[in-house]
Undergrad: 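Got a structure for you, written out below as structure tokens; questions coming shortly.
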Amino acid sequence: MSQPGDTVSERDLSNHPSVAAVLSTLAAHHVRPVVRYLPDAVRTARAAAEALGISPSEIANSLVFAGRGHDGSIEPLLVLASGGRRVDQDRIAGLLDLAAVEKATPEQVREWTGFAIGGVAPVGHPTPLRTVVDVTLSSYDHVWAAAGHSHSVFRTTYDELLRVTGGKAIQVD
């Protein structure tokens, strides 16, 4: 029986600029993750879970939202949700004292994170993002997150995600 992440691409993407940004940020936090380079793009939590032989709930899905302040200002918000969960945007807005939380456009995602949708990592952004980490992820010894490219993921833990992102633990659904 295969182990999670056994399927590895022949192509090492560690020098790809987006992957390098993720690995550099993790290294700055004294994290040397297990990284898997997959043969096919994994742009969804379900696809990543299938490629790794795990459940979608074990994927830390990086979702980018536009948080609207009560004064009308917009701020980027990164929600690291268990791949098996839906994000309750109204709940998040209330818990973070925002007027609303709306899905970011692909252009906003790229501008705020430096990554294209499908490869958005929890770290390695041009500037730190306000981050929420789904408490559901704490149910697993290890979770997997995008590593800056649609063919790359890295293994981490709930506690490590909180530490390296400066995130706030919240039940997202």
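Position 1 is the first residue of the sequence, and the numbers go up from there.
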Undergrad: Check whether any side-chain heavy atom of Ile54 lies under 4.5 Å from a side-chain heavy atom of Tyr140, and answer yes or no.
TA: no
Undergrad: How close do Ser62 and Ala121 get, counting heavy atoms only, and between which atoms?
TA: OG-C, 3.6 Å
Undergrad: Following the transitive rule for hydrophobic clusters with a side-chain heavy-atom cut-off under 4.5 Å over Ile, Leu, Val, Met, Phe, Trp and Tyr, establish whether Val109 and Ile74 coincide in one cluster.
TA: yes
Undergrad: Look only at the side chain of Arg91 and the backbone of Gln171, and say whether a donor-acceptor pair between them is shorter than 3.5 Å.
TA: yes
Undergrad: Is there a chain of hydrophobic side chains (I, L, V, M, F, W, Y, each step under 4.5 Å between heavy atoms) that links Val42 to Val34?
TA: yes
Undergrad: Applying the side-chain contact (heavy atoms from CB on, under 4.5 Å) test to Val132, which of Val87, Val172, Leu95 qualifies?
TA: Val172
Undergrad: Work out which heavy atom in Ala146 is nearest to a heavy atom in Pro122; give both atom names and the distance.
TA: O-CD, 3.5 Å
Undergrad: Run the side-chain contact (heavy atoms from CB on, under 4.5 Å) check on Leu26 and Glu160 step by step: do they pass?
TA: CA-CA 10 Å; Leu26 291 171; Glu160 197 168 74; 5.7 Å; no
Undergrad: Nearest 0.5 angstrom please: Thr131 OG1 to Lys168 NZ, how far?
TA: 12.5 Å
Undergrad: Indicate the atoms forming the closest heavy-atom contact of Ala81 with Leu63, along with that distance.
TA: CB-CD1, 4.1 Å
Undergrad: What's the shortest heavy-atom distance between Arg110 and Ala116, and which atoms?
TA: NH2-CB, 3.4 Å
Undergrad: Side chains of Tyr158 and Ser82: closer than 4.5 Å at any heavy-atom pair?
TA: no
Undergrad: Once rounded to the nearest 0.5 Å, what's the spacing between atom CD of Gln89 and atom CG of Asp173?
TA: 12.5 Å
Undergrad: Indicate yes or no: at least one non-hydrogen side-chain atom of Ser14 is less than 4.5 angstrom from one of Leu23.
TA: yes
Undergrad: Looking only at non-hydrogen atoms, find the nearest pair between Trp112 and Phe65 and report the distance.
TA: CZ3-O, 3.6 Å
Undergrad: Nearest heavy-atom pair of Ser152 and Val19: which atoms, and what distance?
TA: OG-CG2, 3.6 Å
Undergrad: Could you tell me whether a side-chain N or O of His142 sits under 3.5 Å from a main-chain N or O of Thr156, the two making a donor and an acceptor?
TA: no
Undergrad: Please evaluate residues Asp88 and Asp90 with respect to the criterion side-chain contact (heavy atoms from CB on, under 4.5 Å), reporting the C-alpha separation (whole Å), side-chain torsions for both, the decisive distance (0.1 Å), and the verdict.
TA: CA-CA 6 Å; Asp88 183 335; Asp90 293 333; 3.6 Å; yes
Undergrad: Tell me if the NE2 atom of His30 is crowded by more than 12 foreign heavy atoms within 6.0 Å.
TA: no
Undergrad: Find out whether Phe154 and Arg36 are in side-chain contact, i.e. whether some heavy atom of one side chain is under 4.5 Å from a heavy atom of the other.
TA: no
Undergrad: Just how far is it from atom CD of Glu50 to atom CG of Leu38, taken to the nearest 0.5 Å?
TA: 12.0 Å
Undergrad: Are Val153 and Ile59 close enough that some pair of their side-chain heavy atoms sits under 4.5 Å apart?
TA: no
Undergrad: Check whether any side-chain heavy atom of His125 lies under 4.5 Å from a side-chain heavy atom of Leu78, and answer yes or no.
TA: yes
Undergrad: Could you walk me through whether Thr165 and Val123 satisfy the side-chain contact (heavy atoms from CB on, under 4.5 Å) test, starting with their C-alpha distance in whole Å, then the side-chain angles of each, then the deciding distance to 0.1 Å, before giving a yes or no?
TA: CA-CA 6 Å; Thr165 65; Val123 297; 4.0 Å; yes
Undergrad: Applying the 4.5 Å side-chain criterion to the ILVMFWY set and letting contacts propagate, would Val120 and Leu162 be lumped into a single cluster?
TA: yes
Undergrad: What's the verdict on side-chain contact (heavy atoms from CB on, under 4.5 Å) for His70 and Asp97, showing C-alpha distance, side-chain angles and the deciding distance?
TA: CA-CA 8 Å; His70 296 286; Asp97 193 30; 3.2 Å; yes
Undergrad: Between atom OG of Ser55 and atom CZ of Arg46, what is the distance when rounded to the nearest 0.5 Å?
TA: 10.5 Å
Undergrad: Pairing donors with acceptors under 3.5 angstrom, does anything connect the side chains of Ser73 and Asp71?
TA: yes
Undergrad: Between Glu102 and Ala66 (side chain of the first, backbone of the second, donor and acceptor by atom type, cut-off under 3.5 Å), is there such a pair?
TA: no
Undergrad: Distance-only, no hydrogens or angles: does the His29 side chain make a donor-acceptor pair with backbone N or O of Val31 under 3.5 Å?
TA: no
Undergrad: When rounded to the nearest 0.5 angstrom, what distance separates CD1 in Ile170 from CG in Leu80?
TA: 11.5 Å
Undergrad: Report yes if the side chains of Phe115 and Val22 come closer than 4.5 Å at any heavy-atom pair, otherwise no.
TA: yes
Undergrad: Same cluster for Val64 and Leu161 if Ile/Leu/Val/Met/Phe/Trp/Tyr side chains link at under 4.5 Å?
TA: yes
Undergrad: Are Val143 and Val164 connected in the hydrophobic side-chain network, where two residues link if heavy atoms are under 4.5 Å apart?
TA: yes
Undergrad: Drop me the distance from Asn61's CG to Arg86's CZ, to the nearest 0.5 angstrom.
TA: 11.0 Å
Undergrad: Can any side-chain N or O of Arg130 pair as donor or acceptor with the backbone N or O of Leu96 at less than 3.5 Å?
TA: yes
Undergrad: Heavy atoms, side chains only, cut-off 4.5 Å: are Ser138 and Val133 in contact?
TA: no
Undergrad: Taking atom CZ of Arg163 as the centre, does the number of heavy atoms from other residues, nucleotides or ligands within less than 6.0 Å exceed 12?
TA: yes
Undergrad: Distance-only, no hydrogens or angles: does the Ser24 side chain make a donor-acceptor pair with backbone N or O of Ala20 under 3.5 Å?
TA: no
